[in-house]
> 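Okay, handing you the structure first.
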Amino acid sequence: MQKRLNVLMEKCPQSHPCPSVKVCPVGALSQVGFNAPTVDHDKCIRCGKCSNFCPKKALVLEEQ
Ligand code: SF4
C-alpha cells in the first residue's frame, strides 16, 4: 500500500525553523517563515527521516 507524508498542523507549533527540512535527502520539505513545512509529494520518496526527526511528531507517514 502506498504511503503519503502528511503534516499535522495541530501538532506543529509554527514557532521555529523546522529541523526536519534539513534532514530530507531529496529536498522535498520547504518552509516559509515559521509556518508549518510543506511537502513536495513529487519529490518525496517516503523514507520517513523527517517523520522520525520531528520532535513534535507533526510529520506522519500514513497509508493512503
Ligand atoms: S519522508 Fe523522506 S523524502 Fe519525504 S519529505 Fe520526509 S525526509 Fe523527505
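As the structure lists them, so they are numbered: ligands from 1, and atoms in each ligand from 1.
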> List-wise, which protein N, O or S atoms are found short of 2.8 Å from atom 8 (Fe) of ligand 1?
Cys24 SG

> Is Ser20 close to Leu29 at the side-chain level, that is, under 4.5 Å between some pair of heavy atoms?
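Heavy-atom side-chain distance check passes, below 4.5 Å.
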
> Would you say the side chain of Lys49 lies within less than 4.5 Å of the side chain of Pro25, judging by non-hydrogen atoms?
yes

> Using the rule given for side chain to side chain contact (heavy atoms under 4.5 Å, CB included), can you reason through Leu61 versus Arg46, listing the C-alpha separation, both sets of side-chain angles and the distance that settles it, and then say yes or no?
CA-CA 7 Å; Leu61 268 179; Arg46 298 169 288 281; 4.0 Å; yes

> Which Ile, Leu, Val, Met, Phe, Trp or Tyr residues join Ile45 in one cluster when any pair of side-chain heavy atoms under 4.5 Å counts as a link?
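Noted: Ile45 shares its cluster with Val26.
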
> Going by heavy atoms in the side chains, are Glu63 and Gln2 under 4.5 Å from each other?
no

> Just need the protein heavy atom nearest to atom 1 (S) of ligand 1, so name the residue and atom and give the distance.
Gly48 N, 3.3 Å

> As a quick check of understanding, evaluate side chain to side chain contact (heavy atoms under 4.5 Å, CB included) for Val7 and Leu59, giving each step before the final call.
CA-CA 5 Å; Val7 181; Leu59 295 165; 3.7 Å; yes

